[in-house]
There are 2 protein chains.
Amino acid sequence: MNLRKNSTGRLTLNDVARAAGVSRATVSLVLRGSPLVHVDTRARVEAEMARLGYVYNRAAANLRRRVSSSVALVVNDLSNPFFAEFAAGVDEALAAAGYVTLLGSTGESPERQLAVVGSLIEHDPAAIILSPAEGSDAAALARAVGPRTPVLVFNRELAGSPWDFLGLDNRRGAHLATEHLLALGHRRIAFFGGHADSSSCRERRAGYADALRNVGIAVDDDWLIESAPTRMDAAARTGLLFAREPAPTAAVCYNDAVALGLMLGLVRRGRHPGRDFAVTGFDDIPEAILAAPPLTTIAADPRARGRQAAQLVLARVEGTAPEPQRTIAAVELVVRESCMPV
Amino acid sequence: MNLRKNSTGRLTLNDVARAAGVSRATVSLVLRGSPLVHVDTRARVEAEMARLGYVYNRAAANLRRRVSSSVALVVNDLSNPFFAEFAAGVDEALAAAGYVTLLGSTGESPERQLAVVGSLIEHDPAAIILSPAEGSDAAALARAVGPRTPVLVFNRELAGSPWDFLGLDNRRGAHLATEHLLALGHRRIAFFGGHADSSSCRERRAGYADALRNVGIAVDDDWLIESAPTRMDAAARTGLLFAREPAPTAAVCYNDAVALGLMLGLVRRGRHPGRDFAVTGFDDIPEAILAAPPLTTIAADPRARGRQAAQLVLARVEGTAPEPQRTIAAVELVVRESCMPV
DNA sequence: CTGAAAGCGCTTACAG
DNA sequence: CTGAAAGCGCTTACAG
């Protein structure tokens, strides 16, 4: 009956207990759905909670129970649709399991990443899903995380880390893209974009090289062209493809962002992607289908990867997972119109 | 000197205090940078914290201090680049201010939105930044949030809510787009996409109508075409534009997603956007520039809007903001190649 | 089925 | 400058 709040202005279990005429313990049991409470008592308590507008303080409960109901998601760049979709998938699966997502973004900076992890870890997440920035220092990260919080590394391998890993089958993806170009008759095929010091780039290059070697073509180092994994930098580096004659007729791109940037760069040079130069991507981001022409690419289903990452990390939290897991998600070729036969 | 952890396995202030030979209070003062602690003591304590790998439990501190160091961000769809950029901006500014972002996504479902808000609020965020799902129930939301947590509503107005609002200058944006088409000689101009029951759609339609009326053209209800604000639905509804003769020669689209979908729909019908039908967008998402042809649109700089939202909400939290604020962000026309003269 | 008491990891007056 | 004590909002044995 008493609407007076306690000294802090915040409604607590105490207020509900007083209003319902029971002890705090009883209210707590109601909250947690215990069968110990008489059905009438439960109803009375619930009515009071609704009437007062009580909101549960999960932080206090978590502190007492020594549990956590959050998972941190550290992502390098939310403006990359691949990671945005991934984040959406993570959040979806975490929410379904009753966890809340703590978001942190690093902008591809290892220093910011360290700061972000240091800040998130103070909020005591049950686990961390980390899509590492390029050039991450595994040892420094391990120190920032400490020994008590499980980590799932996504997408880029972190050399020397003891953590779970979820990645794409990069090698097979690039292999499929390269084979597609070979089947169309291309023989001078470049690998365009990405930084060779990232594991995903190395793996994709390996798949590309495999496919070429299978048909007796040697990899030409001049056609292994690096760029930042962004549209802009890829567009800017288009010229490197045509530095030497004969130039390639096709490029397997590190990812879709790079492929779209390359297409932009080609158009600026008066070329027609899909008509006089073939391009493949990697990721199948939503705008791949909207490009002109629509981009042939490797689909990785980032949203499903996000759900999968959440599942893996929760399995680790619940302690049901065995030793550090290395999970490689399958990947498939999506043929659209950016590759002409030659 | 003692590496033994307490019973829970977790390192606490107590452990650091014992190892450094001081009281918990002293360690706490060190942690909070108090000048009361002797410099030598501070150094000794900090050395122990580093050596032991102590991590601060901010939840416990927040509970005791009755403060919160998180802000909840509720967004309807992270796979929309406009919201992904917005989220990135929010997170960037919150992190800079020492707050952590609690993420929730609603998938444009008012029911899920209620559940998400109900779950986030239990984590006691200092504030909520809410980009409401279509068809949100303001009263139900207000009940879920309670009276103690400030909310900033972004993008879509929530009728009857007492909360701060940050929106775009929708009316002016659509006005600019329509004027651009008029200046190119178009006279039969449709307004394509969006749902008329959302405030942003109504405002954009009003700007469109203003511009037409200014030059003595009446709005034709047949050319006010609704769609979900997505690429797919827009593409599917393209035909409605050509149901009657004479058909429009141009469309002001509700947003970029709709505009890109419309362009896709036009191509499927054998038309050439930018050559025989003019299209404008709204948002200037990154792929607008990559469309074929590049999309003329209204730039809203979602990342800057995210930073702005964080700032507004923090001002409210610090209590420096006066009465409920209504902030309308300026918007500008970006001319590219999707509109030909007629 | 309910109540009194202790405790999660921290902070904050208050003495000294 | 440091220590002992109380308390943030909850949960959990333990009695009854």
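Chain letters run A, B, ... following the sequence lines, proteins first and then strands; every chain starts at 1.
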* **Atom pair distance, as rounded to whole Å: CD in B/E122 and C1' in D/dC10** => 13 Å
* To do: For A/N14 and D/dG7, give me the distance from atom CG to atom C1', rounded to whole Å.
  => 12 Å
* Asked: Quick one: which of D/dT2, D/dG9, C/dC10 gets closest to the side chain of B/T12?
  -> C/dC10
* **Short side-chain N/O contact to D/dG3 OP1/OP2 from B/T26, under 4.0 Å** => yes
* Taking C-beta and beyond as the side chain, do B/Q325 and B/L166 meet within less than 4.5 Å on heavy atoms? -> no
* Asked: With nearest nucleotides of DNA chain D determined for B/R64 and B/G21 from heavy-atom distances, which residue corresponds to the more 5′ nucleotide?
  -> B/G21
* Asked: Of the nucleotides D/dC10, D/dT2, C/dC1, which one has an atom closest to the side chain of A/T41?
  -> C/dC1
* **Side chain to side chain, A/T106 and A/V75, heavy atoms closer than 4.5 Å** => no
* Find the distance B/L11:CG to C/dC8:P and express it as a whole number of Å. => 14 Å
* Asked: Side-chain donor-acceptor pair under 3.5 Å between A/D91 and B/S105, yes or no?
  -> yes
* **Strand partner of D/dA4, provided both Watson-Crick or wobble distances fall under 3.5 Å** => none
* How long is the line joining CG of A/N57 and P of D/dC8, in whole Å? -> 12 Å
* Asked: Paired with C/dA13: which nucleotide, if any, by Watson-Crick or G-U wobble criteria at under 3.5 Å for both distances?
  -> none
* Asked: Between A/D77 and A/S79, does a side-chain hydrogen bond (donor to acceptor under 3.5 Å, both in side chains) hold up when you go through it step by step?
  -> CA-CA 5 Å; A/D77 181 14; A/S79 64; 2.6 Å; yes
* For C/dT11, does either OP1 or OP2 sit under 4.0 Å from a side-chain N or O belonging to B/S28? -> yes
* Verdict with supporting geometry, B/E108 and B/R156, salt bridge (Lys or Arg N to Asp or Glu O under 4.0 Å) -> CA-CA 12 Å; B/E108 256 339 337; B/R156 277 183 196 145; 3.1 Å; yes
* Structure fact -> Considering only heavy side-chain atoms of A/A25, the closest of D/dT12, D/dT2, C/dT12 is D/dT12
* Asked: In whole Å, what is the span from the CZ atom of A/R18 to the P atom of D/dG9?
  -> 12 Å
* Structure fact -> Here the distance between atom P of D/dC10 and atom CZ of A/R66, to the nearest Å, is 18 Å
* Given that B/L31 and A/P35 both sit by DNA chain C, which one's nearest nucleotide is further toward the 5' end? -> A/P35
* When you measure from the side chain of A/V22, which nucleotide among D/dT2, C/dG3, C/dT11 comes out closest? -> C/dG3
* Asked: When you check the phosphate oxygens OP1 and OP2 of C/dT12, does a side-chain N or O of B/R65 lie under 4.0 Å from one of them?
  -> yes
* To do: Mind calculating the distance between CG (B/L63) and C1' (C/dT12) to the nearest angstrom?
  => 14 Å
* To do: Return yes if a side-chain donor-acceptor contact under 3.5 Å exists between B/H123 and A/S69, otherwise no.
  => yes
* **Touch class at under 4.0 angstrom, heavy-atom based, for B/R24 against every strand present** => base
* To do: Ignoring backbone atoms, establish whether A/R32 has a side-chain N or O less than 4.0 Å from OP1 or OP2 of D/dT12.
  => yes
* Which whole-number value in Å describes the distance from A/L13 CG to C/dG7 P? -> 20 Å
* For the side chain of B/S23, starting at C-beta, report the closest nucleotide among D/dG9, D/dG3, D/dT11. => D/dG3
